[in-house]
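Here is the structure we will look at.
All residue numbers in this chain count up from 1 along the given sequence.
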Amino acid sequence: MKKTSLRTAASAAACLFLLAFVLPLGVLADDYPPVTGISVTPEGLLSWDEVPGVEQYWVGVNGGFVPAENGCSLVDRVWQSGVYDISVEAYAESGSKTLATGSVQITFNGRSFAMGAKSALGGWWGTSSSDHIASVSAGGTDIPSLGGAFTDPGSEVKIVITPAEGRDILSAFLRYDDQNRGEFELTERPDGSYEGTVTAPDAVWTIGINTRSTQPEFVLHDVDFGRVTEGFASTDHTAMINFRLGEIPLPRASSYLKTEWIAGDASVFATDKIYESNYAEPYAVYTFWACPANGLTEGTYSATLALYYDKDGTATNWVKVDECTLRILVVKPGTPVTASNWWCTSGDYIESFELNGAGFSLPVQLVPGETASATVRTREGYDLSGVFLRYNEQNTNEGVTIDPKDGGGYTVSFTVPENDFAIGVNVKEAEITLPEETTAVTPGTEPEVTTDTAPVTEPEVTTGSTPETEPDVTTGSTPETEPDVTTGATPETEPDVTTEESQETEPDVTTRGSSDPDDDTWDIDPDEQQGGSIAKSPIPWIMLGLGIFVILGTVGAVVALIVIGKRGK
C-alpha cells in the first residue's frame, strides 16, 4: 500500500512538474484559431469562412491592415503585378479580443489574380517608347503593356512582338527580381513581326523591348536659341540639330533626306546642308546646323522646320516624317535679364539666399554685364561647395567666385549674363572639428595623469627613474621594458585597465559600450547598455516558469507526503 501511494504521489509530482514547465510557454504563445477558406477570384474578390462571434475583420496586404467586410475587393489595393501576402484577422468587442487569424499568398499579373505564388508574365514595355510596339502575345494570347498572363514555371512560352509602323525590333529581354535577365533570340517573320521562345521563370516577369526607327527622326523637337541682343553675330548662336536613321549611313544622303520650312518666319533662321555626322549604333546619325539671322529687331521669333524622307532615294517621292520648332528672343542692348529662383541640387540645405541685398524668393531683374552679389547661408552641418549659372540649357561656373564671410555665410559674385538665367547651389556636409585636449599642459611638458610630475620628467612609480627610461614597478628599468599595468602610467604608457583614464588613453576594457570599433567589447547588446527591456529578453520568462515550477513542485511534494502519512497510519 505504501509503495502504491508513493507511486501515485510521484505521478502527481511529475504532472505538476510538466504543468509548471508548460504554463509559461502557454502564456507567451499567441495561438489563435485559423481563419479558414481564404480565397480570391480572378477579379480580385477576397473571401473567407465566417468566424462565429466576430464583430470586425481586418485585411492586410503585405501588412497595412484596414477594416474590411467578407467579400472585399483587392482591386484598389493591388495594382502592380507581383506576389502579395494577404492576412485576415477576426476580432470581437471592437477589436479588443482576437478570435482568429489566417494568411495566404496571391499573385497578380496585371490583369487577374490567382492563389499562391505563381509564374506570371506581368506585361511589357518599350525601352525607348511603348508607342513603338503595336502588340505582344504570349502563347497565342495578346498581352497589354500593363497586364499579362499566368504561366507554368519552366514551360516554354512563344513570344510574338509586332513593331509599330516605321520601327524595327532590335532585341528583347526578360526582367524579374529587379534585374534584367539577358536577351532572348528573335526571328523576323514574313508579316514583319518577330518571334522568340522563353523559359518561364518561377517569378513575376516582364519583357523589355528595344526598337529602332526605319525612317529618320529628329533627336530634339524644340530648339530654343534663348535671348540675343540686336547686332549679335550669328556664329555665336548656332545649334547642331541631329536626326537618326537605321543602322548604316545612306548613300547620296541628299537623295533620301531634306529639310523645309513649313510655318513661321523662315527668314529669321538659316540652315545648311545635311551632313553625315557619326556612327552611333544602332543608328546612323545625320546633322545640319541652324542659326538666327543677323540684323533682327527687338521681338520674339519662331519657325517650324520639317524633315522629309524618300525611302527609294529618287529625290522625288518626299514624305514628311518629323518636324521641330526653332525660337529666339531679340532684345535691345542693356535690357534687364531675369534671374530665376535659386535651387539647391543637394536638397533643402540652404538657410537663406539674398541677391543684391534683397531676399531671393521671386525672380530678380538684373542688367547684363554688371556684377551681381549674393549672400548665402547654409544650414548647420553643411558647407557651400559650389555655385553655377544655368542658361541656354547649359550650366556654367565661369566667373563665379565664392568667399567665406566673417561670422558665417558666403559671398557669391558673378557677372550677369546676356540671357535669362537661374542659379544652382551645391552643398556638402561640413567637416567635423574634434575638440582640443582640455587638460592644462605646461609648454614642453607631458600632461599629468595620476601623479604630480615635474616638467620633462616621467613620474616615479616606486623608485626613481631618469626621464629617458620607462619605470619598472619595483626597480629602475631600461627604455625597452614595459610598465606594470597596475601602476600609474605616463601619457606614453599603456593605461591601468582598472583606473580612470585621460582622453588620450585606451578605454577600460571592462566598461560597457566602448567607442573603439576595434575593441573586443564592441559587440555588447545595445539594449544591455540602456538597461535592457524585459520584453526583449527571454530570461525573465524562463525565471517565471522556473518559479512556478518550484512552487507547484513544492505543493506536490507536500501533498504526496501527507498522502503517504495518512496511508501509513
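- A donor and an acceptor atom, one from each side chain of S302 and T325, are nowhere located under 3.5 Å apart.
- Between Y382 and Y349, the two ring planes are parallel [angle under 30°; tilted spans 30° to 60°].
- Salt-bridge check for D383 with K428: failed, with every basic side-chain N at 4.0 Å or more from each acidic carboxylate O.
- A salt bridge does not link E165 to R167: none of the charged side-chain nitrogens sits closer than 4.0 Å to a carboxylate oxygen.
- Side-chain polar atoms of N210 and S171 form a donor-acceptor pair below 3.5 angstrom.
- Salt bridge absent: K258 and D310 never bring a charged side-chain N and a carboxylate O closer than 4.0 Å.
- A donor-acceptor pair under 3.5 Å is formed between the side chain of N109 and the backbone N or O of S112.
- Nearest heavy-atom pair, V59 versus C72, reported as atom, atom and distance to 0.1 Å: CG2-SG, 4.2 Å.
- Distance check: F414 CZ to F388 CZ gives 12.5 Å after rounding to the nearest 0.5 Å.
- Of the possible donor and acceptor atoms, none in the side chain of R175 sits under 3.5 Å from a partner among the backbone N and O of I207.
- Looking only at atom types and distance, the side chain of T338 has a donor-acceptor partner in the side chain of Q365 under 3.5 Å away.
- Using modelled atom types and a 3.5 Å distance limit, the side chains of T206 and W125 yield no donor-acceptor pair.
- Between the side chains of R390 and N395, at least one donor N or O lies within less than 3.5 Å of an accepting N or O.
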